[in-house]
Amino acid sequence: MKIGIIGAGNIGGTLARRFRELGHDVKIANSRGPQTLAEVANQTGAVPVAVADAVTDVELIVVTIPQARIPSLPGDLFADVPDDVVVVDTGNYYPRERDGRIGSIEEGVPESQWVAQQLDRPVIKAFNNIYAKRLGGAGKPGTERDRVALPVAGDDPNAKATVLKLIGELGFDGVDAGPLSESWRQQPGSPVYTADRDLEGVRQGLLDASRERTDAWRATPDSPGTYDAPR
């Protein structure tokens, strides 16, 4: 596939490397420009490009930037992207550590539904519930048992099928987690978040999830702090 990645952090860099190892063509972009991505390019084999070029002539786009920075993406970024191009959101809302208060999410809008609203583009939520190190190294061949499973939520069955296929190539079992409106079941604080559960474990964890956001995942008047000192 031809894949564009917006965001060169832990998840973006890991996906770039793994997708290249699988033979996919990968372009990667960040907010600071392609001239800052030489090291990432050397480590992953992805081609550094400007953000606008990351969504051009590709079949799948991964948006993997901090939640609070989503509105800073160009408003017309997806205007000329064909409808059949899959857009994947890997993001999580970390109000106390990084993002500060985002009112709609605090009021109950699932994180990736909020992202879709900001982008004015349907998205598939995936790769958000696993640490980058595990994403890069925990995959197993499909013949092995007890593979780590990853949930995938979204409204377009064809787009979900594409992402589930990629997850299988990466060495994980994919789980259809329902529509994007149900993607809160895989948000931070849910039973499947960074739990490395197997197929049945993820299915059960999605069922056990509570929509109520706990205090650990809500902003305070002093948010944000840092990962070392959340506020």
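Keep in mind the model is a prediction, meaning the values are calculated, not measured.
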Heavy-atom check, side chain of [X] versus side chain of [Y], under 4.5 Å:
X: S104; Y: Q113; answer: no
X: Y193; Y: N92; answer: yes
X: R145; Y: K140; answer: no
X: I167; Y: R147; answer: no
X: V26; Y: T44; answer: no
X: L60; Y: H24; answer: no
X: N30; Y: V40; answer: no
X: V202; Y: F172; answer: no

* Asked: Are S183 and K125 linked by a side-chain donor-acceptor pair shorter than 3.5 Å?
  -> no
* To do: Verify whether one side chain among Q204 and E200 offers a donor that lies under 3.5 Å from an acceptor in the other.
  => no
Are [X] and [Y] connected in the hydrophobic side-chain network, where two residues link if heavy atoms are under 4.5 Å apart?
X: I5; Y: F127; value: yes
X: V87; Y: V81; value: yes
X: V163; Y: L119; value: no
X: L150; Y: V152; value: yes
X: I28; Y: I11; value: yes

[atom2] on [Y] to [atom1] on [X], rounded to 0.5 Å:
X: R121; Y: L73; atom1: CZ; atom2: CG; result: 13.5 Å
X: T64; Y: N10; atom1: OG1; atom2: CG; result: 9.0 Å
X: R197; Y: N129; atom1: CZ; atom2: CG; result: 10.5 Å
X: D25; Y: E59; atom1: CG; atom2: CD; result: 9.0 Å
X: L164; Y: D173; atom1: CG; atom2: CG; result: 10.5 Å
X: L170; Y: E21; atom1: CG; atom2: CD; result: 9.5 Å

* When you look at V109 and I102, which way does the side chain to side chain contact (heavy atoms under 4.5 Å, CB included) test go after all the steps? -> CA-CA 10 Å; V109 175; I102 298 177; over 6 Å; no
So, for [X] and [Y], which heavy atoms are closest and what is the spacing to 0.1 Å?
X: V123; Y: S112; answer: CG2-O, 3.6 Å
X: A52; Y: L77; answer: CA-CD1, 4.1 Å
X: T90; Y: V62; answer: CG2-CG1, 3.6 Å
X: K27; Y: T56; answer: NZ-O, 2.6 Å
X: G178; Y: K160; answer: O-NZ, 3.2 Å
X: P179; Y: D155; answer: CB-OD1, 3.2 Å

* Run the side chain to side chain contact (heavy atoms under 4.5 Å, CB included) check on F78 and V85 step by step: do they pass? -> CA-CA 10 Å; F78 294 95; V85 173; over 6 Å; no
Might you confirm whether atom [atom1] of [X] has over 12 heavy atoms from other residues, nucleotides or ligands at distances under 6.0 Å?
X: D222; atom1: CG; value: yes
X: R211; atom1: CZ; value: yes
X: D120; atom1: CG; value: no

* To do: Using a strict 4.0 Å threshold on nitrogen-to-oxygen distance, state whether D196 and R134 make a salt bridge.
  => yes
* Asked: E106 and salt bridge (charged side-chain N to carboxylate O under 4.0 Å, His left out): which partner among R96, R218, R101?
  -> R218
Under 3.5 Å donor-acceptor, [X] side chain and [Y] backbone:
X: D99; Y: A68; value: yes
X: R231; Y: P224; value: yes
X: E97; Y: P230; value: no
X: E169; Y: L22; value: no
X: R185; Y: A153; value: no

* **Geometric class of the Y94/W217 ring pair [parallel <30°, tilted 30-60°, perpendicular >60°]** => tilted
* To do: Show your reasoning for whether side chain to side chain contact (heavy atoms under 4.5 Å, CB included) applies to L135 and R18.
  => CA-CA 9 Å; L135 180 60; R18 291 292 291 118; 5.9 Å; no
* Asked: Among all residues two or more places apart in sequence or in another chain, which pass the side-chain contact (heavy atoms from CB on, under 4.5 Å) test with A159?
  -> V86, I124, D156
* Test I65 against I70 for side chain to side chain contact (heavy atoms under 4.5 Å, CB included), laying out the working first. => CA-CA 7 Å; I65 64 176; I70 290 291; 3.7 Å; yes
